[in-house]
Structure formats: structure tokens, C-alpha cells
Student: 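Here it is, the structure, as C-alpha cells.
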Amino acid sequence: MPDLGLNVLFEGRNFVRLLGGLWTALWIALAAMAASVVLGLPMGVLMTSRHRLVKLALRGYLEAIRVLPQLVLLFVFYFDLTYVTGVNLSPELAAFIVFTLWGTAEMGDLVRGAITAIPLHQYQSGYALGLKPSQVQAFVVLPQSVRRLLPLAVNLVTRMVKTTSLIVLIGVTEVLKVGQQIIDRNRFQYPDAALWVYATIFLLYFLACFPISRLAQTLERRFAV
Amino acid sequence: MELAVFREYLPAYARAALATLGIAALGIVLATAVGLVTAVVQYAQVPVARRVAAVYVELSRNTPLVVQLFFLYYGLPKVGLVWGSGTCAVVGLGFLGGSYMAEAFRSGLDAVEPAQTQSALALGFGPALALRHVVAPQAVALATPAFTANVIFLIKETSVVSIVAYPDLVYVAKDYIGTDYNTAEALFLLVVFYLLIVLPVSLGAAALERRVRRAGFGA
């Protein structure tokens, strides 16, 4: 190895630029996650409904989203939409929408799972104590569902963050794109830049996701039933 | 959308689908092997190796496949390790999937009640024999749903291998969009071919899970 290609990271504003690129990715992930929570909660509740048609439609939505790789969803949404309708979305917005569609489906399924995991006797005991259905929901079902849901939802955040690595492929200038720019710009001074830049990006993603997955594990242990 | 375009594109997509399946199969085999070793090392609490396994699982689970592949394909050659795109794709899938498989197997092993091991030991089995003949068969059944979920996950994850120039379905679709501008047809075929691959696998997985449950191992 020639003398430290690592230095390329500290040339000019390179490292700050990488962090900026990571922030672009994180920002989209967090915004999509927030939207997914807002939309996924009602979706999950509706998935437990007794209405056959509602259940079928939501189940169909979930499976349709799940069966395809997220990259394919991104491509279809970003390229096809423009091609067919002429609507021209920025890649950032397209990524946000696709992640929200996907996140809502996943979140909805988690919510559904958390609700259906509540044993029947919890409801029956609530009614036996004279609680109204709305009170059973608020004081018996909701608190227990949230304990089950929280670790899984936090885990979904890490999946969302990891999935942002795909958006470079529809042209978002995020951390990988910035990395490529740095490598190309320094091709002659630092021929080994690729090793260090990609190792750094690997580490940055790890540093972004590791605390979140740790949080999910801690929550899971704390709320273990 | 035009039918003639479909007819023209079909052979290339069929070839790419086989390439996707091939890379997925190899990746899944490698991931399963890595996962088995990791899970057993952690279950048996082998000193040192168990720490290495823990670090590996965290690194693998908390980074995206795309970033792992970029490092393998563009980073490693700088230290003299030059791998082709197929090798990179398989190694990447093995690295990523290994930790997911390890978690699946480990949860299967943990779900087997300690009484099973204790009974086996009381009957005179050694620890290795107890694992092999008593715990493992039950753990395999218990881990099946997580295992099949991982298989489907890894097949879907192969969709990113075009970034290391592996000619999979996405690669072909991008190619046709770029050269002919038949975006609608190219993407339609992309979706159809992924459905053709993933749907039978999910149906097979569901059937396998039912079978395993009927075997009476699962709770």
C-alpha cells in the first residue's frame, strides 16, 4: 500500500461532504419512517377489521409491495411514472414516496401482528370488569400492543436507513454518490481512494444503524412478556 | 406497450432471470453455511470465536448490501484482491445473509427446551451427540419459517448486484431503457420476471412451513 490513501478523506471538505451525503440519505429515511408510522397505524388497525373486503384489499397491498424488491419499486415508480404520465418527480421525492408506500405496508403488518397477539382473555377480562369496548381498547389492548410494537418499529427504522443505499441508483446525490465524486476527483493524487472512501461509507452506515438496532434490542428485552 | 418489443426482449430477460437465480442460489448456500457456523459457534459458546461471530453479525446486519458490494468490488482491488462481479455478488450475499441465517438458526436452537438437552445428557449422550441427534432436528423445524423468510429476502436482495456489473434482471432492464427508451416495456418485464421468481418460492415456502408444523416439531 502506498503512503496512506486514507488522507484523501481529510483533503479539503471531503469528510464533511460525505457526512452531508449520509445526512441526505438519513433525512429521507426518517421522513419516510415518520409518514409510514402515521399511515401504518390506521392500516394495521384496519387489517384486524372483520370486514372481509377491507382485509383482502390491505392484505393484497401488503403482498404486492412485499413480493417485489425495493429497487424494482423505485425503478417502476421513478421511471415509469414519468414515462407514462409525464409527471417529473425529483429522485428524492420519488424515493420518499416509495419508502413510504413500503414502510406503510410493513408498519401496518407489524401493527396488525401486535394487536392480534393480544390473547382473547385480555378482552374478556376487560369486559368482565365492566369496561366499555372503547375503554378495553384504550386501557388494555393499546398499552400491550405498543410494548410489542415498539422494538419491531425501531427495527424497521434500521431497515429503512439501509434501504436508502438504493437511491443512488435513481440519481440522488447521497453518500455513495459523493464518495464516487471524491474518488474520481482524486484519481491521480490518491489512486487508492476507493478503498478508504467505501470503507468509510461502510463504517458510517454502521454507526448510523448500530445504535438504532441496539435500542430495538434493549426495548425488546425490557418489554419481554 | 408493444408486443413486438416484448418478443424481442424475452430471451435476454430469460437469460438474466437464470443469472439472478444462479447468483441467488449460490448466495443462499454460502449464507446458510456461514449462518450455520456462526450459530453453532454462538450456541456452543466457543471462546474467542463467539466474539468474532458477534462482531460479524453486528457488522453484517447494520450495513446495506449495496455498500458491502461497493467495498468488495471497487475497494478491495486497491489492496490487490480483484474479484469478478459474480464472485463479489455471491460473497456479498453470503456476508449479508450469513448473519440473518445465523439469527434464524440461533432462535431455532434457543427455542428447543433445555430439558431436551438435559434428558439427552442424562441418557448418556455427549454434548456433541445431544446437539446432533436431539437438539438439531427440532431446531431445524423451529427455524424453518425464519429460514424461508431469509431465502426470499436474499432473492430480492440480488436485485442490487447490477451495481457491480453483474448482468441480472435489473441490469438488462436498465440496458434496454438506456438503448431503446422502451421504459414501460422494460420495467413491465422486470416486474413480471421478479413475480415469476419470487411467487413460486413464497408458495413453496408456505407449503414447507405447513409440512414442518404438521410434523409436530413446531409449537
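Letters go in sequence order (proteins before strands), and every chain restarts at 1.
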Student: Chain B heavy atoms under 4.5 Å from Ile201(A): which part of the residue, side chain, backbone, both or neither?
Tutor: both

Student: Will you find, in the side chains of Thr144(B) and Glu209(B), an N or O donor that is under 3.5 Å from an N or O acceptor?
Tutor: no

Student: For chain B, which candidate among Cys209(A), Ser213(A), Ala199(A) shows the most heavy-atom pairs at distances under 4.5 Å?
Tutor: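 That would be Cys209(A).
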
Student: Quick check: Phe6(B) with Phe188(B) (ring centres under 6.0 Å apart)?
Tutor: yes

Student: Under the side-chain hydrogen bond (donor to acceptor under 3.5 Å, both in side chains) rule, what do Gln68(B) and Thr63(B) come out as? Steps first, then yes or no, please.
Tutor: CA-CA 7 Å; Gln68(B) 296 167 3; Thr63(B) 49; 2.9 Å; yes

Student: Name the member of Ser202(B), Ala173(B), Gly80(B), Gly75(B) that forms the most heavy-atom pairs with chain A at distances under 4.5 Å.
Tutor: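 Among Ser202(B), Ala173(B), Gly80(B), Gly75(B), the one with the most close pairs to chain A is Gly75(B).
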
Student: Can you confirm whether Lys174(B) is buried at NZ, in the sense that more than 12 heavy atoms of other residues, nucleotides or ligands lie under 6.0 Å from that atom?
Tutor: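 More than 12 within 6.0 Å, yes.
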
Student: Does a side chain donor of either Arg214(A) or Gln217(A) reach within less than 3.5 Å of an acceptor in the other side chain?
Tutor: yes

Student: Below 4.5 Å from any heavy atom of chain B, which atoms of Glu63(A) appear? Answer side chain, backbone, both or neither.
Tutor: neither

Student: Go through Val191(B), Thr158(B), Val201(B), Ile155(B) and name the one with the most non-hydrogen pairs under 4.5 angstrom from chain A.
Tutor: Val191(B)

Student: If we define contacts as heavy-atom pairs under 4.5 Å, which of Arg159(A), Gln70(A), Arg66(A) has the most with chain B?
Tutor: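 Top count of heavy-atom pairs under 4.5 Å with chain B: Arg66(A).
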
Student: When you measure from the centre of the six-membered ring of Tyr43(B), is the NZ or CZ of Arg106(B) closer than 6.0 Å and no more than 45° off the axis?
Tutor: no

Student: Counting heavy atoms not belonging to Arg185(A), are there more than 12 under 6.0 Å from its CZ?
Tutor: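 No, because the 6.0 Å sphere around CZ of Arg185(A) holds 12 heavy atoms or fewer from other groups.
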
Student: Report the relative orientation of the aromatic rings in Phe71(B) and Phe202(A); use parallel for angles under 30°, tilted for 30 to 60°, perpendicular for over 60°.
Tutor: tilted

Student: With side chains defined as the heavy atoms from C-beta onward, is the minimum distance between Pro114(B) and Thr117(B) less than 4.5 Å?
Tutor: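 The answer is no, as the side chains (C-beta and beyond) never meet within the 4.5 Å cut-off.
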
Student: Testing the 3.5 Å rule here: is there a donor-acceptor pair between the side chains of Tyr176(B) and Glu185(B)?
Tutor: no

Student: Side chain, backbone, both or neither: which part of Tyr181(B) has an atom under 4.5 Å from a heavy atom of chain A?
Tutor: both

Student: Less than 4.5 Å to any heavy atom of chain A: does that hold for the side chain of Ile163(B), its backbone, both, or neither?
Tutor: side chain

Student: Against chain B, label Leu169(A) side chain, backbone, both or neither, depending on which of its atoms sit under 4.5 Å from a heavy atom there.
Tutor: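 It is the side chain, since no backbone atom gets that close.
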
Student: Counting only non-hydrogen atoms closer than 4.5 Å, can you tell me which residues of residues 74-109 of chain A sit against chain B?
Tutor: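 From residues 74-109 of chain A, the residues near chain B are Phe75(A), Val76(A), Phe79(A), Asp80(A), Tyr83(A).
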
